[in-house]
Number of protein chains: 2
Amino acid sequence: MARVVSERADVLPALGEVFREHGFEGASLALIGARTGLGKGSLYHFFPGGKEEMAEAVLAEIDAWFTHEIFAPLRESKDPRQAIAAMLQAIDAYFRSGRRICLIGAFALGATRDRFAARVDGYFAAWEEALGQALMRLGHRKKAAVALSEDAVAAIQGALVLARARNDPAIFRRALARLGDRLRTV
Amino acid sequence: MARVVSERADVLPALGEVFREHGFEGASLALIGARTGLGKGSLYHFFPGGKEEMAEAVLAEIDAWFTHEIFAPLRESKDPRQAIAAMLQAIDAYFRSGRRICLIGAFALGATRDRFAARVDGYFAAWEEALGQALMRLGHRKKAAVALSEDAVAAIQGALVLARARNDPAIFRRALARLGDRLRTV
DNA sequence: GTCTATAGAGTGATAGAC
DNA sequence: GTCTATCACTCTATAGAC
């Protein structure tokens, strides 16, 4: 029996893509097996909790990525203006200029939202909080910073919906450009 | 056998709610049968094409509602300022202040997007076009009107995602209020 | 020998189609 | 209601690393 040693973390990217493309319900184990190249044995070895644990692991990885790459810089940077510009650039890259959807946003709209409520809520709460901090250090008052960060996160999610709905990544890029203008104005 | 005469159109609201709550894949025929009160026989009598035809009929009904209640007034009203205000009010009512998601937006994010591509694309295209017309009559130049309407539709979709993600309808109402301000400024 | 990664036949339940 | 396909999942077996 071939033994291609792998570990849990190795299959998370493929797992994420399957969930992105088919949703939680639509991602069958057959599909997951095909895309990860793993049999059910391996899958259940890595994720004894089945599909739910697989999705949870994917969400946790996304959360960790955003925390490290986006939220922490927003919170800690000495230069909030630069941190916000970096956020927009990282977001453009992460979502492949609108060709890739936000798995957490997609989960939020489905019946999956309640199953992963903590992760879904926590992700957006952290994003808004981190961006709000940067905006305050940029000179906004607390109320304005909260409103603006809520608006920004919503604008990104909405642009992802629209870009995919209309199958036009340019929609996402235009939205990011407008958002950049709005976030630069104090 | 009781014969409660009903027709296709009667079951569309219930059908819409099931798809909203469970998504296309998650809405099983058992669930649909329970919520509509119809057996599989009746369902296949009304919708010979099965689930796909059911979803298509729901999308068509939503499209018709928006065309009549939102898009047409935006295009035809003599008073674009009032038409835009009416749009925001109708949207708030339709989405129950953020407690109800946009089925078309949800479909756009899933694998269902390709299946119903024409409806999904057409819905958002019509919305943007209608709002853009109202904005031009309000005094915006074409480019600004197009950008602003794209921004507005995205803001609404994003607010729906966020409101549901964070389980807080107030997010949606705040977003609509900010959007109202932005659309009033020429 | 033990342990971990693997494969996949087999389980009952439930899916959508008709 | 009946059909067949497919679902998530279980379980046994096995290979190789120690």
Side-chain angles (χ1 to χ4, degrees), chain A residues 1-61 103 106-107 110-117 119, chain B residues 1-4 6-8 11-12 14-60 103 106-107 110-116 119:
Chain A
M1 193 165 295
R3 192 183 145 88
V4 183
V5 186
S6 58
E7 44 179 318
R8 230 176 96 118
D10 294 339
V11 304
L12 289 182
L15 225 34
E17 292 309 314
V18 180
F19 284 126
R20 254 179 246 278
E21 285 169 27
H22 298 89
F24 183 76
E25 326 262 4
S28 71
L29 278 193
L31 215 48
I32 291 171
R35 287 286 282 270
T36 58
L38 257 40
K40 293 178 205 166
S42 303
L43 252 13
Y44 274 86
H45 171 71
F46 290 133
F47 308 97
K51 250 172 79 168
E52 182 151 348
E53 190 174 338
M54 297 177 207
E56 171 62 33
V58 169
L59 294 183
E61 200 207 20
L103 183 61
F107 272 19
T112 28
R113 128 87 235 210
D114 296 329
R115 215 182 205 130
F116 305 105
R119 285 242 107 93
Chain B
M1 185 64 83
R3 190 183 143 86
V4 182
S6 57
E7 42 178 321
R8 230 177 96 117
V11 304
L12 290 182
L15 224 33
E17 291 309 314
V18 179
F19 283 126
R20 254 179 245 279
E21 285 169 27
H22 301 274
F24 183 76
E25 326 262 4
S28 70
L29 280 193
L31 215 49
I32 291 171
R35 288 287 281 271
T36 58
L38 256 41
K40 296 180 195 173
S42 304
L43 286 172
Y44 272 86
H45 171 69
F46 290 133
F47 307 97
K51 249 173 81 166
E52 182 151 348
E53 190 174 340
M54 297 179 206
E56 171 62 34
V58 168
L59 294 183
L103 184 60
F107 272 20
T112 30
R113 129 85 238 213
D114 297 328
R115 215 182 204 129
F116 305 106
R119 285 242 105 94

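Below, chains carry the letters A, B, ... as their sequence lines are ordered, and counting in each starts from 1. For clarity, every value in this text was computed on a predicted model and none was experimentally measured.
When all heavy atoms of Lys51(A) and Leu29(A) are compared, the closest pair comes out as CG-CD2, 4.2 Å. In terms of heavy-atom proximity, Val18(B) sits nearest to Ala27(B) at CG1-CB, 3.7 Å. The heavy-atom pair separating Leu31(B) from Gly26(B) by the smallest distance is CD2-O, 3.9 Å.
Salt-bridge annotation for Arg115(B) and Glu56(B): absent, with no side-chain N of the basic residue lying under 4.0 Å from a carboxylate O of the acidic one.
Within the nucleic acid shown, Phe46(A) comes within 4.0 Å of sugar-phosphate atoms alone, with no base atom in reach, counting heavy atoms only. Residue contacts for Ser28(A): at a heavy-atom cut-off of 4.0 Å it reaches the sugar-phosphate backbone alone, with no base atom in range. When heavy atoms are screened at a 4.0 angstrom cut-off, Lys40(A) is found touching base atoms of the nucleic acid.
One atom, CG of Leu31(A), and another, P of dT6(D), lie 13 Å apart when rounded to the nearest Å. The nearest whole Å value for the distance from the CD1 atom in Ile32(A) to the P atom in dA8(D) is 7 Å. What separates CE of Met54(B) from P of dA15(C) is a distance of 13 Å, to the nearest Å. Atom-to-atom, CG of Asp10(A) to C1' of dA5(C) comes out at 12 Å; the value is rounded to the nearest Å. If you take CZ of Arg115(B) and C1' of dG16(C), they are 11 Å apart, rounded to a whole angstrom. The distance between atom NE2 of His45(B) and atom C1' of dA17(C), rounded to the nearest whole Å, is 17 Å. Computed from coordinates, the Glu25(A) CD to dC7(D) C1' distance equals 12 Å when rounded to whole Å. As a whole-Å value, the separation of His22(A) NE2 from dA8(D) P is 12 Å.
The nucleotide whose nearest atom lies closest to any side-chain atom of Lys51(B) is, among dA15(C), dG16(C), dT4(C), dG16(C). Of all nucleotides listed (dT4(C), dC9(D), dA17(C)), dC9(D) comes nearest to the side chain of Tyr44(A).
Using the six-membered ring where Trp is involved, Phe24(B) and Phe19(B) have ring planes that are parallel, under 30° apart on the 30 and 60° scheme.
Heavy-atom nearest nucleotides on DNA chain D were determined for Leu29(A) and for Gly41(A), and the one closer to the 5' end corresponds to Leu29(A).
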